[in-house]
Amino acid sequence: MTNCSDEDSDSDVREPIETQLTYQPLVSLKELASFPVGMIVSAQKLATNTQFKAYLNNDFNSVTAENDMKMRSIFIGPNNYDFSKGDAIISYAKQNGFRVFGHALIWHSSIPDWLVNFTGTDMAFEELIETYIKETVAHFSQEKIILNGQEISVVAGWDVVNEAFTDAAQNAVFRMRLGDDYVAKCFHWAREADPHVKLFYNDYNLESQSSKMVEVIGMLDDFTTRNIPIDGIGMQMHIDYISPSIQTIQSNLNALLQKDVLIHFSELDMTVNKTGLLSELTFLRAKSQEDKYRAVAELYSEIPENKRFGITLWGMRDVESWLLNFHGNINEYPLLFDASYNFKLAHRGFSEGLN
Ligand code: XIL
């Protein structure tokens, strides 16, 4: 490194060297994007956090409940539903011009204890799940808005099944009790409850593991052959600033683009400190993250328009990210805003990629 002290004779003619970790955007993300840009929310935050809402309303036009619309939140007992938090989110969305994305009807990590311990027959279990899916989808399809003269539901889509291609899902009660074809059954029930809502299958590592993408594409082909309704695939996009490379993401995305489905980058975030060596976000690392966010947004923007469902960020500020807990590392900086709601360089990269 050269020393740029004041004594350098030519210091006043040099370009200013950028060292800031934050910047001030001129245009919001939703204005730059030609598709919905989403953020996760909770009923609690929407009720209490004014600052969060200001940043939410400024940059985003789609919301997903981080946890409030999962099975464990809603399905509190046999034929007993708590829709209150979801309703609060939908009411906020309606008033503030957001689309809502429903996440997630069936996920092995959000099964209420009473259901795991249910001692009734498989038939009784199946009836419970069928009713839960139908009640939930039907309930949330009731709130409508008028868009371009057409009445549509505020809830535009649902992750019907989340992360089925794992051992944990294979061993969870759904497959055990509903049988090997439970995923297809769930999609059928969701479609019966709402003929219009977009039905998604959602999973992680689809951007990094071609073998997993091949499995999902196999499921899509099978669904097409058997006339099982499905509209889209959610690629979660929990990525790292190094890996998978943008080439790898591109090649997995290209495989999916061969199919006639909507594509949602449904849970985008990006670790930059998996090794834990950093105790704060450095300028160099922030630049690398900015570049990767730009590349991801560019990649998504190149998808044919009729296949773009949107990109959803899995969190607003670094300190709120689920990844801090998941990786047991408080020095992780995966998102677009720092702890004080400053716009990170990652935000700039992402916004440039949308443009
Ligand atoms: C996470 C939430 O962010 C956490 O608050 C919660 O404790 C666990 O679930 N894949 C998904 C999301 O589909 O629902 C998960 O969200 C993150 C991984």
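Whatever order the structure lists them in is the order used to number ligands and atoms, beginning at 1.
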Is any side-chain N of the basic residue among [X] and [Y] closer than 4.0 Å to the acidic one's carboxylate O?
X: E207; Y: K212; value: no
X: E126; Y: K185; value: yes
X: R191; Y: D231; value: yes

Test: R348 cationic atom under 6.0 Å from F343 six-membered ring centre, within 45° of axis: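 Output no; distance or angle outside limits.
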Could you list each nitrogen or oxygen of ligand 1 that sits under 3.5 Å from a protein nitrogen or oxygen, with the atom names and the distance?
| residue | atom | partner | partner atom | Å |
| --- | --- | --- | --- | --- |
| ligand 1 | 3 (O) | E66 | OE2 | 2.5 |
| ligand 1 | 3 (O) | W314 | NE1 | 3.0 |
| ligand 1 | 5 (O) | E66 | OE2 | 3.2 |
| ligand 1 | 5 (O) | N67 | ND2 | 3.0 |
| ligand 1 | 9 (O) | K70 | NZ | 3.1 |
| ligand 1 | 10 (N) | E163 | OE2 | 3.4 |
| ligand 1 | 10 (N) | E267 | OE1 | 2.9 |
| ligand 1 | 13 (O) | H103 | NE2 | 3.4 |
| ligand 1 | 13 (O) | N162 | ND2 | 2.8 |
| ligand 1 | 13 (O) | Q236 | NE2 | 3.4 |
| ligand 1 | 13 (O) | E267 | OE1 | 3.3 |
| ligand 1 | 13 (O) | E267 | OE2 | 2.7 |
| ligand 1 | 14 (O) | K70 | NZ | 2.8 |
| ligand 1 | 14 (O) | H103 | NE2 | 2.7 |
| ligand 1 | 16 (O) | K70 | NZ | 3.3 |
| ligand 1 | 16 (O) | W314 | NE1 | 3.4 |

Q44 and K85: side chain donor to acceptor below 3.5 Å: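 The criterion, which ignores hydrogens and geometry beyond distance, is not satisfied for K85 and Q44.
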Which residues share a salt bridge (charged side-chain N to carboxylate O under 4.0 Å, His left out) with E192, sequence neighbours left out: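 Result, salt bridge (charged side-chain N to carboxylate O under 4.0 Å, His left out) vs E192: K134.
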